[in-house]
Amino acid sequence: MSTHAGASTRFSSAVYADRLARSAAAAGEAGLDALLITPGPDLQYLLGSHAASFERLTCLVIPSNGDPASVVVPRLELAALNDSAVGELGLATVDWVDGVDPYSIVADGLPHPARVAVADAMPALHLVPLAASLGALPVLATDVLRELRMIKDNEEIEALRRAGQAIDRVHARMGEILVVGRTERQVEADITAAILEEGHTEAAFVIVGSGPHGADPHHEVSDRVIEKGDVVVIDIGGPVEPGYNSDCTRTYSMGEPHPDVAAKYAVLEEAQKAAVDLIRPGVTAEAIDAAARNVLAAQGLAEYFVHRTGHGIGLSVHEEPYIVEGNIDELAEGMAFSVEPGIYFRGEWGARIEDIVIVTAGGCEPVNVRPHGLTVLS
Ligand code: ZN
Ligand code: ZN
Ligand code: ZN
C-alpha cells in the first residue's frame, strides 16, 4: 500500500531534465564519456526514481557527448521506473532478460575503453563485471555530481523545510512519549509511530540515549528504563516526499537537571549558537566546526566533543558538505547541513543539539526551530 498520501513523490519533469543536462555537461568537463547511475540517492536526484538496487542491473546511462540519456533495466523491473520521470522525459529504456549480459549492453554504447563515473552506491556485484566490460576502472560520480547535489534548488529547500517542520512536530510531542518508567525501546516505538504520523515515509533512525547511554553518540536503543534525573538524547529523522530527510536532536532532562549538568549544557548551547551565527557564503566549512569547538574549549570541554560538527543533508542523511576540520570548501547559498555539537561523559551522561540549516545570501535559515535549552520532562 502507498504511504505517500497527498505528497508528491517527485518534482516536475523539467527539474529532472535540467539535472540530466547539467550532469552530462559536468561529466564532459571532467573528461568522462558517461555517468552510470544505479538505484540510490543519485538516481533519485536525477530521475526521481525510488527504485531499489537488486542483483539484476538497472543503470541510467548519461553520455557526455550530447546523446540522450537512457536506462538499461531488467524487463521485470520496468514497472519500478513508473514513479520516475523516465516516461515524461521520453528517455529510451533498454530492457534485458535473464541470460543476457547487461554490462555489455552498457559498454556497447560507449568508446572502448570507456572513461566513466559510477554512482557511489553501485554494489560491487555490478561494478566488477561492469569494469571488465568497459575495459577500465570507473571513478566515483560524487566528484562530478557533488556541486549539483550540494547546492539545493528552491524545490529541494522547500522539501527540507517540510521535513524540518515534520520532525519538529515529533519533538513537540516528547512530553507524552518520553516519560520516567518507560524503556528506551518503548519510547522508540512511539517516536517511530509519531515520525510516520507527522508526514515522513519512514523513520530512518531513532536514537534514544538515556543516562549513561547518552554518552555514546551512536547508541540507538536498549531495554534500559528511563529514570528520574536522567539526561536523554533524542536524535531522530527520516525522509518526507519526494525523499528529502529530516535530522534533529534535542536533549531532555527527566526532572530538574543537576547544576553541573545545566552549566555544561549551557556551554554546549552557546557552542551550537556560535557555529550557526558564523554561517554565511564564503566562510569555510572548517571555520564553522572551529566556532563550536572553540566555545567548548574555552570552558575545558573540547575533549568531550568527539565528532565533526555537521554533515550535508538532502536525499541522503549524510552527504557533502561535511562540517569538519580540514574541509576548506567555502559555504555557498543553497547548501544544507546539520550543526550538531555534542558533549559526552563516559558512563555518566551526554548531550547534543542539532539543527538543519540552509545557507542564505546573508546567513542561514534553520529549518528546526524547537527551543534549544534542556527541556525538562517528568
Ligand atoms: Zn516514496
Ligand atoms: Zn541527527
Ligand atoms: Zn545529523
Side-chain angles (χ1 to χ4, degrees), residues 15 18-19 21-23 25-30 41-42 45 120 140-165 237 244-249 267-299 301-302 305 307-342 352-369 372:
V15 168
D18 177 60
R19 291 176 183 177
R22 290 164 68 199
S23 59
E29 278 165 32
D42 289 328
Y45 179 78
D120 295 24
L140 291 176
T142 284
D143 293 336
V144 178
L145 296 175
R146 66 189 296 274
E147 298 288 325
L148 273 150
R149 284 194 52 190
M150 251 192 322
I151 308 293
K152 271 64 182 178
D153 61 29
N154 289 335
E155 288 91 347
E156 292 179 290
I157 289 169
E158 187 49 45
L160 284 165
R161 285 190 188 118
R162 284 201 311 275
Q165 290 157 5
Y244 288 79
N245 284 282
S246 63
D247 182 5
C248 183
T249 309
V267 179
L268 176 65
E269 197 177 341
E270 195 191 326
Q272 204 265 352
K273 183 177 187 310
V276 170
D277 286 350
L278 188 64
I279 295 168
R280 61 181 178 277
V283 175
T284 62
E286 72 171 6
I288 306 305
D289 180 81
R293 216 164 287 278
N294 290 344
V295 171
L296 290 164
Q299 301 299 324
L301 294 174
F305 177 21
H307 53 73
R308 65 191 174 213
T309 293
H311 55 83
I313 190 165
L315 291 166
S316 306
V317 178
H318 292 163
E319 59 183 45
E320 304 217 38
Y322 291 96
I323 309 303
V324 61
E325 185 178 3
N327 184 359
I328 58 168
D329 283 353
E330 291 183 2
L331 302 182
E333 196 174 349
M335 286 182 178
F337 55 84
S338 71
V339 180
E340 52 176 308
R352 179 162 64 254
I353 304 169
E354 174 179 29
D355 292 324
I356 301 303
V357 303
I358 295 161
V359 181
T360 59
C364 76
E365 172 195 330
V367 303
N368 303 109
V369 298
H372 293 96

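Sequential numbering from 1 along the given sequence is applied to the chain's residues.
The side chain to side chain donor-acceptor pair (under 3.5 Å) analysis of residues 276-287, with sequence neighbours excluded, yields the pairs Lys273-Asp277. Annotation: side chain to side chain donor-acceptor pair (under 3.5 Å) contacts involving residues 323-335, sequence neighbours excluded, comprise Arg146-Asp329.
Across all non-hydrogen atoms, the minimal contact from Ile323 to Ala285 is CG2-O, 3.4 Å. Listed here is the closest heavy atom pair of Ala292 and Ala275: CB-CB, 4.0 Å. Between Glu354 and His311, the closest heavy-atom pair is OE2-NE2, 3.6 Å.
Between the side chains of His318 and Asp247, no donor-acceptor pair of N or O atoms lies under 3.5 Å.
With Pro341 as reference, Gln272 is the one residue of Arg293, Glu270, Gln272 to meet the side-chain contact (heavy atoms from CB on, under 4.5 Å) rule. Here the options are Thr309, Val357, Ile356, the test is side-chain contact (heavy atoms from CB on, under 4.5 Å), and the partner is Phe337; only Val357 passes.
Using a 4.5 Å heavy-atom cutoff, the side chains of Ile288 and Val283 are in contact. Considering only heavy atoms from C-beta on, Val144 stays 4.5 Å or farther from Ser23 through its side chain.
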Would you please test Ile279 and Val339 for side-chain contact (heavy atoms from CB on, under 4.5 Å) and show each step?
CA-CA 10 Å; Ile279 295 168; Val339 180; 3.8 Å; yes
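Shown here are the side chain to side chain donor-acceptor pair (under 3.5 Å) partners of Tyr45, two or more places apart in sequence or in another chain: there are none. By the side chain to side chain contact (heavy atoms under 4.5 Å, CB included) test, Ala332 pairs with Ile151, Met335, sequence neighbours left out. Applying the side chain to side chain contact (heavy atoms under 4.5 Å, CB included) test to Ala336 and every residue at least two apart in sequence or in another chain returns Lys152, Leu160, Ile313, Ile358. For the side chain to side chain donor-acceptor pair (under 3.5 Å) test, residues two or more places apart in sequence or in another chain that qualify with Thr142 are Asp120.
Separation of atoms OG (Ser338) and CG (Asp355) is listed at 9.5 Å; rounding is to 0.5 Å.
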